[in-house]
Amino acid sequence: MGTLKQTLRTRGGGAKRRLSAQVSKLGPGAGSEVAELRARVAVLEDEVQECRQLNLRLAELTDVVGELLLPVAQRDDARVAEVLEKYAQGI
């Protein structure tokens, strides 16, 4: 029995050959369809990243609002200033 590295190379090479055979059976237009799908996945990944950034920004804004809505007697002015400064830096 070979090493793990050899086993992975052998099985990976076999999988690559089988996949190539399947793609070639799909016809000449399959390559362009795969390219279109790759491009669409890239766009979707960018959109997901943008949503993540917006969600982080919303969470920061929610923290600021939560800090400012505390009753005046309980408000820590230093903390409020810190939160507002942190939020302003992100803008």
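Along the sequence shown, residues carry numbers from 1.
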Inset, instruction - Sequence neighbours left out, what passes side-chain contact (heavy atoms from CB on, under 4.5 Å) with Glu45? Give chain and number order. - result: Val41
Legend entry - Glu47: side-chain contact (heavy atoms from CB on, under 4.5 Å) partners, not counting sequence neighbours: Arg40, Val43, Leu44
How many angstroms lie between atom [atom1] of [X] and atom [atom2] of [Y], to the nearest 0.5 angstrom?
{"X": "Gln49", "Y": "Leu54", "atom1": "CD", "atom2": "CG", "value": "10.0 Å"}
{"X": "Leu56", "Y": "Leu61", "atom1": "CG", "atom2": "CG", "value": "11.5 Å"}
{"X": "Glu50", "Y": "Asn55", "atom1": "CD", "atom2": "CG", "value": "10.5 Å"}

